[in-house]
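Note: hydrogens, waters and symmetry copies are ignored here, and every other heavy atom, side chains too, is used. In the text below, chain A, chain B and the rest are named by the order of the sequence lines, each starting its count at 1.
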Amino acid sequence: MSEVPILRAPVGTHDVLGPESARWEGLIATFAQFAYRYGFSLVLTPLFEDVGVFNRGIGEDSDVATKEMYVFEDRGGRHYALRPEGTASVVRAFVQHQPVTPWKAWYVTPAFRYERPQSGRYRQHHQLGVEALGTDDPALDVEVIALAWRFFQSLGLTRVRLVINSMGHDECRGRYVAALRAHLEANASRLCDEHREVWRRNPLRLLDCKRDECVAVTGVGPQLPDYLCDDCRAHFAQVTEGLVQLGVPWTRDPRLVRGFDYYTRTTFEFVADALDGAQNAIGGGGRYDGLVERLGGPATSGIGFASGVERLLLALGAEGVTTSLVRRELDVFVVDTTGHDAATTLLDDLRGAGFASDRAYDGRSMKAQMRVADRSGARVAVLVGPREESAGQVTIRDLRSEESVPQHLVARHDLVATLTRLLTK
RNA sequence: GUGGGCGUAGCUCAGUUGGUUAGAGCGCCAGGUUGUGGUCCUGGAGGUCGCGGGUUCGACCCCCGUCGCUCACCCCA
């Protein structure tokens with residue numbers, strides 16, 4: 001038809017429409033409800049920030065910062081990056097505005113990472129998350145983790161595991177990293193090809209490596225839990241005990257360190273066992289007690305959690321949960337054959353009364369309009385033609401009925417009242 | 001960045017050893033007598049066979065390149 005070539009969404013991005021978008025609405029609305037229940041309020045921050053926010057935030061040596069950031073220069077020569085994750089921006093906003101603590105905020109946002117897409121991994125994906133700043137009370141760790149857990153449960157996910165660990169605070173973590181570094185140095189030749197040369201850059205990364213060679217090296221030698229100080233041990237114990245009290249099951253993974261440099265003490269991840277692909281982490285987070293300072297603010301503790309919308313949807317699909325959590329079907333479809341557009345005022349009344357209503361356009365035949373009405377999924381059709389109009393009536397037809405004549409006439413001025421009775425029971 | 005698989009109608013796909021006007025199902029549109037959907041019947045619209053080059057008398061089919069999709073490694077949501 002057209003000579004203009006079809007433009008498509010960029011690599012690693014995707015459009016969401018149709019029934020799929022209803023599932024998105026449901027997820028987001030459910031999460032918003034949970035956040036509200038737990039005392040979090042919505043925070044909106046810019047999609048792009050000074051690159052320093054992310055470099056200093058998630059760590060210049062992290063994979064995300066070194067090779068996955070969408071960086072660009074604007075027309076004024078400023079260096080910006082599209083957010084690769086949610087926490088750094090929110091913490092920057094905290095530093096800038098210094099709200100009263102404890103400050104509990106939730107968000108839903110796109111996140112960008114330049115990497116090769118695959119199942120459950122995109123260049124633009126979307127995260128739902130919460131951040132809580134101003135206290136290192138383990139009760140808050142428990143609350144954030146419980147919020148995530150309950151959220152997943154409410155969605156209908158059953159095959160989700162919580163794995164948790166503590167990385168200690170700066171000091172004990174530092175001692176562990178030093179010990180790990182020495183251990184790696186002594187065994188560098190036995191590491192996998194990928195890490196043999198680059199382990200110095202970020203020793204903790206090696207714990208994530210699943211290759212046999214690296215696992216063999218890191219499986220022995222210094223172990224993170226042995227390096228925690230008494231305070232960090234106590235904190236971790238209180239968190240795990242709190243989870244037990246709430247009936248939130250967890251398992252400890254002493255190798256769980258996660259990819260961003262800001263984590264201290266509690267780290268956790270939710271693994272969806274229904275996903276057989278490599279991308280089976282549907283959420284994660286942790287405490288970041290030094291991050292506010294790193295971004296120029298006063299010493300402030302914080303903890304956060306984020307979940308990937310796309311992966312949640314994949315996990316839900318894999319578990320066979322197909323409900324959208326939010327109803328998006330029409331109540332009423334207006335079929336107008338008067339020839340002079342009686343539908344417009346009729347719809348205004350219906351919509352004003354709160355009914356989700358739609359119509360056909362372009363003066364199509366009644367048969368055609370009925371077909372569209374049927375496909376729309378509306379519960380009832382309201383028909384108005386010359387006969388009804390002259391009598392001051394409309395026909396209400398039940399579109400879900402199998403009967404041959406599931407319809408009746410009703411006075412025009414009784415329409416809203418009748419539908420209210422019909423559709424709200 | 002590296003590697004595997006795949007690109008034929010809006011969607012899911014068929015297309016025989018390369019041989020005339022490229023097909024199906026679903027979807028979409030219009031009809032099936034005068035105002036009625038979901039089933040059924042009939043008809044119709046819609047494709048530069050991803051794109052470019054090559055081999056050949058002839059290419060959807062073979063070769064090369066390229067773009068895209070997809071899966072995996074790495075890492076993460």
**Q.** B/rU16 versus B/rG46 - spacing of their P atoms, nearest Å
**A.** 26 Å
Q.
Of the options B/rC75, B/rC29, B/rG35, whose atoms approach the side-chain atoms of A/E388 most closely?
A. B/rG35
Q) OP1 or OP2 of B/rC74 sitting under 4.0 Å from any side-chain N/O of A/R205? A) no
Q: Could you tell me whether the phosphate oxygens of B/rA77, OP1 or OP2, come under 4.0 Å of any side-chain nitrogen or oxygen in A/R258?
A: yes
**Q.** Nearest-angstrom distance from the residue atom CG of A/D362 to P of B/rC28
**A.** 16 Å
Can you give me the N/O atom pairs linking the protein to nucleotides 68-72 of chain B at distances under 3.5 Å, or say none if there are none?
unit_1 : atom_1 : unit_2 : atom_2 : d
B/rC71 : OP2    : A/S119 : N      : 3.1
B/rA72 : OP2    : A/Q118 : OE1    : 3.1
B/rA72 : OP2    : A/S119 : N      : 3.4

Q. Separation of A/M370 atom CE from B/rG38 atom C1', in whole Å?
A. 9 Å
(Q) For the C1' atoms, the ones on B/rC40 and on B/rA22, what distance do you get once it is rounded to whole angstrom? (A) 29 Å
Q) In whole Å, what separates the P atom of B/rA30 from that of B/rU66? A) 47 Å
Q | A/Y114 OH - B/rU2 P separation (whole Å) | A | 11 Å
Q | Pair pattern of RNA chain B in dot-bracket, where unpaired bases get dots and | marks partners in another strand, Watson-Crick or G-U under 3.5 angstrom | A | (((((((..((((.....[...)))).(((((.......))))).....(((((..]....))))))))))))....
Q) Is the shortest side-chain N/O distance from A/K67 to OP1 or OP2 of B/rC75 below 4.0 Å? A) no
Q. So, is A/R375 close to the B/rC29 phosphate, meaning a side-chain N or O under 4.0 Å from OP1 or OP2?
A. yes
Q.
Can you confirm whether more than 12 heavy atoms, excluding those of A/F72, are under 6.0 Å from its CZ atom?
A. yes
**Q.** Given B/rU36, B/rG35, B/rA77, the nucleotide with the shortest approach to the side chain of A/R397
**A.** B/rU36
Q. Any side-chain donor-acceptor pair under 3.5 Å between A/E388 and A/T395?
A. yes
Q.
In whole Å, I'd like the distance from the CD atom of A/Q369 to the P atom of B/rC29.
A. 12 Å
Q | Check against side chain to side chain donor-acceptor pair (under 3.5 Å), A/T87 and A/E131 | A | CA-CA 7 Å; A/T87 302; A/E131 309 292 345; 2.7 Å; yes
Q) Under the side chain to side chain donor-acceptor pair (under 3.5 Å) criterion, do A/T45 and A/R83 qualify, and how do the steps go? A) CA-CA 10 Å; A/T45 60; A/R83 82 161 46 120; 2.4 Å; yes
Q: Taking only heavy atoms on the protein side, list every residue of residues 33-54 of chain A lying under 4.0 Å from any atom of RNA chain B, sorted numerically.
A: none
**Q.** Face-to-face stacking of A/H125 with B/rA77, centres under 5.5 angstrom, angle under 30°
**A.** yes
**Q.** Rounded interatomic separation in angstrom, taking NZ from A/K367 and P from B/rU33
**A.** 9 Å
Q) For atom C1', what is the distance between B/rC51 and B/rG23, given to the nearest Å? A) 24 Å
